[in-house]
Amino acid sequence: MTKSRVTVIKVGGAVVEEPDKLEQLLEGFSAVPGLPASRSARQINNGEHVVLVHGGGRSATRIASLMGIESRMVDGRRITDEPMLDVVTMVYGGLVNKRIVAKLQARGVNALGVTGADLDLIRSHKRPVGSVDYGWVGDVERADGKALSDLIYKGIVPVVAPLTHDGRGHLLNTNADTMAAQVAEALAPFFDVTLTFAFEKAGVLLDADDDTSVIPRLSHEEYLTLKEKGVIAGGMIPKLDNAFEAISKGVGRVVITSASDLSGQGGTTLE
Ligand code: ADP
């Protein structure tokens, strides 16, 4: 029996936080007139079903600063002490998540906002202290693909905030790219899964400042060569590491594309 299709879409920080970009992204979800709400998310990448995973770092930095809390980053990763954990819990689990849910509901998409703690969906453990103490940051242990499938089969679009829990009462700040990859892997036994990273640029680029230089298809070997040459750098490296691991664990394909081109054929495909 052929599996139904699901697309796990990770939306980058800047996209969910700038109203215009968020509107553009959600346009891809917008219901065809007359289509029942539970079917409206089907347009994305011809997928039958959708799961959304979002970031929110810029909002966390802004709200923390309003509260007099300084943001400290190491290699683009947030140091999450107790006060910062409070901020990211409020901002990711509340402000950013619920804004997306409300906007999807306004478009007839039956969105449900969750963190990894809700329904015990995604469990992690606190990252051990190595050369850097990241504080309350989680490394994912497992995502519950069955529980997510049950929601998806009910026509619900889960909207996942980048927070997990350790099963002992602690919430943990967790990288949204990693969560998206783990969710995609956990759904692979149940669905034909596409993992889409939607961000500001048009795809993986040969020149990071030139949106016309998209690499349409990228193999793991080509990725390693381009990384070695410094063509692929910064935040794109953990994203692609997560992406290739997801493929090795049963995810059908990974697409890295512009948030404004979700239903199009552009971007970079990894297989
Ligand atoms: P997100 O917007 O999903 O949070 P990140 O900021 O973590 O994503 O990573 C994406 C960033 O990686 C891009 O905005 C870009 O600045 C950088 N980057 C580095 N090399 C490349 C490349 N070859 N193609 C595209 N982006 C690249």
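Counting begins at 1 with the first residue of the sequence. Every number for a ligand or one of its atoms is a count from 1 in the order of the listing. Model, not experiment: these values are computed from the prediction.
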>> Using a 4.0 Å cutoff against the non-hydrogen atoms of K239, which atoms of ligand 1 qualify?
In response: 1 (P), 3 (O), 8 (O), 9 (O)

> Angle class for the W136/H170 ring planes (parallel below 30°, perpendicular above 60°, tilted otherwise)?
Replying inline: parallel

> Would you say L206 and ligand 1 have an N/O pair spaced under 3.5 Å apart?
Replying inline: no

>> Let's go through V101 and L112 carefully: what are the C-alpha distance in whole Å and the side-chain angles of both, what is the deciding distance for side chain to side chain contact (heavy atoms under 4.5 Å, CB included) to 0.1 Å, and is it a yes or a no?
In response: CA-CA 7 Å; V101 169; L112 173 73; over 6 Å; no

> Do NZ/NE/NH1/NH2 and the carboxylate oxygens of E23 and R107 come within less than 4.0 Å?
Replying inline: yes

> If you measure every N/O of V231 against every N/O of ligand 1, is any gap under 3.5 Å?
Replying inline: yes

> Would you call D139-R127 a salt bridge at under 4.0 Å N-O?
Replying inline: yes

>> Checking the N or O distance criterion of under 3.5 Å, is ligand 1 in contact with A233?
In response: yes

>> Measuring only between side-chain heavy atoms, which start at C-beta, is V160 closer than 4.5 Å to M179?
In response: yes

>> Would I215 and L206 count as a side chain to side chain contact (heavy atoms under 4.5 Å, CB included) here? Give the steps.
In response: CA-CA 7 Å; I215 305 165; L206 277 172; 3.8 Å; yes

>> Below a 4.0 angstrom heavy-atom separation, can you tell me which part of K201, side chain or backbone, both or neither, approaches ligand 1?
In response: side chain

> Do any nitrogen or oxygen atoms of E200 lie less than 3.5 angstrom from nitrogen or oxygen atoms of ligand 1?
Replying inline: no

>> Check K146 with D150, please: is the shortest side-chain N to carboxylate O separation under 4.0 Å?
In response: yes

>> Any nitrogen or oxygen of D177 lying under 3.5 Å from a nitrogen or oxygen in ligand 1? Just yes or no.
In response: no

> Strictly under 4.0 Å, does any heavy atom of G55 approach an atom of ligand 1?
Replying inline: no

>> Less than 4.0 Å is my threshold; does some heavy atom of A176 fall inside it relative to ligand 1?
In response: no

> Which atoms of ligand 1 sit under 4.0 Å from any heavy atom of F199?
Replying inline: 2 (O), 3 (O), 10 (C), 13 (C)

